[in-house]
Q: 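Next up is a structure, given as C-alpha cells.
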Amino acid sequence: MKHENAIGFGSEHRKKHEQQEAWVANYLDTNFYPYISRNFERNHETSTQKMGIDLTITGATQVITIDEKASVEWCNCGLNKYSMELSLLSKDKDTGYYYEINGWYMANSISTHVGIVFIDSATTVSDRYLTGSGITEVTVVIINKNKFQHKLDSMGWTKVNLKRKNDQIRSAYNEYGNDYINYVNCGKLDYNTPHFFIQEKPEEHGINIQFTKQFLIDNSDYSAKVKDGKIITLKK
C-alpha cells in the first residue's frame, strides 16, 4: 500500500519543518547537550530518524535515545502546554482514499525518551513560526516514554483507553465535522486533566492529547531552561 500525508517525508511542509528542526538542533548541540553529557551524538540517518531517534546520549550507566519534538510553530508566545499526536490521516496513492495511522505518541518507535523543546524566545520569528537560527531561550523537557505512560496509566489513560478516546473523537468528527466537540467529551485542560482535540492541518486531521507544560516538567526525567549561555535546572 502506497500512502502519504500532509507532513510525510518529502512533503513541502516536512522540508520546511526539517529546516526549522536543524536550527533547533544546532542551538541545542551548542548550548545544551554538551553541558549535560560528555558523549552525545546527533543522528543524521533518515532511516533511524523515521524510527524516532534524533539523538543518542551515552552516560556512565546507560544509553538513551531521544526523539526531539520542538515548538517551531509556537515561538515567543509563552507556550504553557504541549500536544502529543495519537493519530492522523494518510492517503492511499492508488485509491485516493484516506485512512488512519498512528501518530508519533502511539507509534512503535525505538527511542526511549522524548525531548520536548519549548522555544521561549527567538529573534527570527514571523507569526509565531521560527524563520531563522536566532534562538535565544528554550525550555527542554526530557521524558522517559515508559515512565510517562505508567503515569498516564495511573490516571486511567492506558494506551487502550487513549485509542478508545481517539476512535470516539474520529467518529464524531466524521459525522459532525468541527462540531464534534459538542458530541464527545474532549476534556478541559488543567494540571490533572488532559485535553483532546483535532489539529486542523490540511488533510491529515491529527488527533492530539494535550498536557500542561508544568505536568510535563514534573513527570520528566530531566528539565532545564537554557538562556544566555546558562542552564537553569527545573528538575533533575
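One is the number of the first residue; the rest follow in order along the sequence.
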Q: Taking the six-membered ring for Trp, are the ring centroids of Phe196 and Trp157 within less than 6.0 Å of each other?
A: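 Here the rings of Trp157 and Phe196 have centres that are less than 6.0 Å from each other.
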
Q: Using a strict 4.0 Å threshold on nitrogen-to-oxygen distance, state whether Lys230 and Glu137 make a salt bridge.
A: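 Between Glu137 and Lys230 there is no salt bridge, as every charged N stays at least 4.0 Å from the carboxylate O atoms.
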
Q: Among Lys163, Lys165, Arg164, which residue meets the side chain to side chain donor-acceptor pair (under 3.5 Å) test with Asn161?
A: Arg164

Q: Evaluate side-chain contact (heavy atoms from CB on, under 4.5 Å) for Val141 paired with Ser220, printing each intermediate quantity in order.
A: CA-CA 6 Å; Val141 183; Ser220 67; 3.6 Å; yes

Q: Name every donor-acceptor pair, under 3.5 Å, that has one atom in a side chain of residues 100-108 and the other anywhere in the protein, sequence neighbours excluded.
A:
residue : atom : partner : partner atom : Å
Glu100  : OE1  : Asn166  : ND2          : 3.3
Glu100  : OE2  : Ser87   : OG           : 3.1
Glu100  : OE2  : Asn166  : ND2          : 3.3
Glu100  : OE2  : Arg170  : NE           : 2.7
Glu100  : OE2  : Arg170  : NH2          : 3.3
Tyr105  : OH   : Gln149  : OE1          : 2.6

Q: For the residue pair Tyr180 and Tyr173, does the interplanar ring angle fall in the parallel (under 30°), tilted (30 to 60°) or perpendicular (over 60°) class?
A: perpendicular

Q: For Ser71 and Tyr82: C-alpha separation, side-chain torsions, deciding distance, then whether side-chain contact (heavy atoms from CB on, under 4.5 Å) applies.
A: CA-CA 8 Å; Ser71 58; Tyr82 200 82; 4.3 Å; yes

Q: Between Thr158 and Asp153, is any side-chain donor less than 3.5 angstrom from a side-chain acceptor?
A: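 Checked: Thr158/Asp153 side chains show no N/O donor-acceptor pair below 3.5 Å.
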
Q: Quick test of your reading of the model: are Arg42 and Asp29 salt-bridged, counting only N-O distances below 4.0 Å?
A: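 Result for this pair is yes, salt bridge flagged.
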
Q: Verify ring pair (Phe, Tyr, Trp, His ring centres under 6.0 Å) between Phe148 and His150, making sure each step is shown before the conclusion.
A: CA-CA 5 Å; Phe148 189 74; His150 288 327; over 10 Å; no

Q: Say you draw a straight line from NZ of Lys213 to CZ of Phe118; how long is it, rounded to the nearest 0.5 Å?
A: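 These two atoms lie 5.5 Å from each other.
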
Q: Can you tell me how far apart NZ (Lys50) and CD1 (Ile110) are? Round to the nearest 0.5 Å.
A: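 Separation between the atoms: 13.5 Å.
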
